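Structure, as structure tokens:
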Amino acid sequence: MPQHIAIVGAGLIGRLLAWKLLEKGVTVTLFERGSRDGEGSAARVAAAMLAPYTEVVHAERVVFDWGREALDWWPKALQDLQRLTGITVPIGLSGSIAVAHEQDRSSMQQLRQALQAAVPDHMDKVEELDRAGLDALEPALSEHFHGGLYLREEGYLDNRQLLHALDKAIEKLGGQWREHSPVEDIGPGRVQCDGNAQSFDQVIDCRGIGAKLDLSKLRGVRGEVLWVRAPEVSLSRPVRLMHPRYKLYISPRSDHRYVIGATEIESESMAPVTVRSSLELLSALYTVHSGFAEAVVEESLVHCRPAMPDNLPVVLDEPGLMRVNGLHRHGYLLGPKVVEEALGKLDIAVERRT
Ligand SMILES: Cc1cc2nc3c(=O)[nH]c(=O)nc-3n(C[C@H](O)[C@H](O)[C@H](O)COP(=O)(O)OP(=O)(O)OC[C@H]3O[C@@H](n4cnc5c(N)ncnc54)[C@H](O)[C@@H]3O)c2cc1C
């Protein structure tokens, strides 16, 4: 294992790798263009749903298999972080619910069929809910829906609290933070920042969409989310509204806050949320529960998901330089597996050299 590693980009993957490398006794310097609170990262904008079932419908089977592993990984990782930093990161793993209005029943049917085709061996974790079943799990939904689909093995975590806990863990383990430090150039064992080139045993590029100029096939997929606070609505699980045009999800946070998302637009624009997207998200939201009418929109956020042509992550390794990227819409779902792969390759790289 190299002794001094520079990680460029402290979003989700950069922080996870820094934490794990510091635990192994490696010296880590973390360069971040934005701030330690995660501002500037897709990780902070994300809804952070852990949704292998609803995601595999539009993705490769590997997203499901790795994603299910993440459902075991996160609770243990969050316990370790809690012990180290004293910070509790809320995580909910009691499933998610998909619902559709009567006129959109076909969308629900399509979801069922797509799940049956993608994960026929796991359909015992997909439960049809009638009104009583829905009422027992999420009473707030039975105002407008007569049933739904319960995806037992899905959940979410509180991404902002996670970024905070990782920040503190890195600090506690002696990681060197360089925030507000945009890196101008990266090479094997070399990082250039503020006009100064610094040498390291190993550089790991975790810049997400910020690595676009060095990774020609990387593209950004714009996503917009709204944070609302709705004191009249109580939902404890992520909810997806199935609709032929709008793909709406609601990811709960503490104190009646919800992350509402997300658009998926093949564009790398970071311009603020458009009126069209707000209207679509908010009008769909209001049809889920009338209490959302009185919700306050606290924030609207935009970022680009970093994606490769096949929408799967990559760990590219050459001597002195590793690039970890392409997490697309699955950073939280696939991050644990990708970090494990990167750490494994670092060990292997060292074995080869010695
Ligand atoms: C709207 C939206 C919703 C999402 N919802 C989910 C979800 O529900 N579940 C899920 O699993 N995933 C979700 N994702 C995906 C997830 O957020 C990403 O896959 C993940 O954040 C990618 O991690 P990363 O570390 O590669 O990139 P990022 O998190 O973007 O981190 C990259 C970091 O590099 C820094 N950086 C860039 N350039 C430089 C430079 N030159 N010098 C120094 N630092 C630099 C950036 O400031 C940033 O902090 C969502 C994403 C979006 C946008």
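Note that the coordinates shown come from a computational prediction; the quantities given were computed from them, not determined experimentally. Just so you know, ligand 1 is whichever comes first in the structure, and atom 1 is the first atom listed for that ligand.
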| message | Take a 6.0 Å sphere around CZ of R276 and say whether it holds more than 12 heavy atoms from other residues, nucleotides or ligands. | response | no
Exercise answer, ligand 1 polar atom pairs (N/O) under 3.5 angstrom:
unit_1: ligand 1; atom_1: 5 (N); unit_2: A47; atom_2: N; d: 3.3
unit_1: ligand 1; atom_1: 8 (O); unit_2: A48; atom_2: N; d: 3.2
unit_1: ligand 1; atom_1: 8 (O); unit_2: M49; atom_2: N; d: 2.8
unit_1: ligand 1; atom_1: 9 (N); unit_2: M49; atom_2: N; d: 3.4
unit_1: ligand 1; atom_1: 9 (N); unit_2: M49; atom_2: O; d: 3.0
unit_1: ligand 1; atom_1: 11 (O); unit_2: G331; atom_2: N; d: 3.3
unit_1: ligand 1; atom_1: 11 (O); unit_2: Y332; atom_2: N; d: 2.8
unit_1: ligand 1; atom_1: 11 (O); unit_2: L333; atom_2: N; d: 3.1
unit_1: ligand 1; atom_1: 12 (N); unit_2: R329; atom_2: O; d: 3.0
unit_1: ligand 1; atom_1: 12 (N); unit_2: G331; atom_2: N; d: 3.3
unit_1: ligand 1; atom_1: 17 (O); unit_2: A42; atom_2: O; d: 3.3
unit_1: ligand 1; atom_1: 19 (O); unit_2: H328; atom_2: O; d: 2.8
unit_1: ligand 1; atom_1: 19 (O); unit_2: G331; atom_2: N; d: 3.1
unit_1: ligand 1; atom_1: 21 (O); unit_2: A43; atom_2: N; d: 3.1
unit_1: ligand 1; atom_1: 25 (O); unit_2: L12; atom_2: N; d: 3.2
unit_1: ligand 1; atom_1: 25 (O); unit_2: I13; atom_2: N; d: 3.0
unit_1: ligand 1; atom_1: 29 (O); unit_2: L12; atom_2: N; d: 3.4
unit_1: ligand 1; atom_1: 29 (O); unit_2: A43; atom_2: N; d: 3.0
unit_1: ligand 1; atom_1: 30 (O); unit_2: A42; atom_2: N; d: 2.8
unit_1: ligand 1; atom_1: 41 (N); unit_2: V183; atom_2: O; d: 3.1
unit_1: ligand 1; atom_1: 42 (N); unit_2: V183; atom_2: N; d: 2.9
unit_1: ligand 1; atom_1: 44 (N); unit_2: R33; atom_2: N; d: 3.0
unit_1: ligand 1; atom_1: 47 (O); unit_2: E32; atom_2: OE2; d: 2.6
unit_1: ligand 1; atom_1: 47 (O); unit_2: G40; atom_2: O; d: 3.4
unit_1: ligand 1; atom_1: 49 (O); unit_2: E32; atom_2: OE1; d: 2.7
unit_1: ligand 1; atom_1: 49 (O); unit_2: E32; atom_2: OE2; d: 3.1

| remark: Sorted by chain and number, sequence neighbours left out, ring-ring contact (aromatic ring centres under 6.0 Å, His included) with H243 holds for Y246
| How would you list, by chain and number, every residue that makes a ring-ring contact (aromatic ring centres under 6.0 Å, His included) with Y150, sequence neighbours excluded? | none
| query | Do Q3 and T27 have side-chain atoms, one donor and one acceptor, less than 3.5 Å apart? | reply | no
| task | Would you kindly say whether R329 and H58 are connected by a side-chain donor-acceptor distance under 3.5 Å? | result | no
| field | Test side chain to side chain contact (heavy atoms under 4.5 Å, CB included) applied to M123 - qualifying residues, sequence neighbours left out | value | L115, Q116, V126
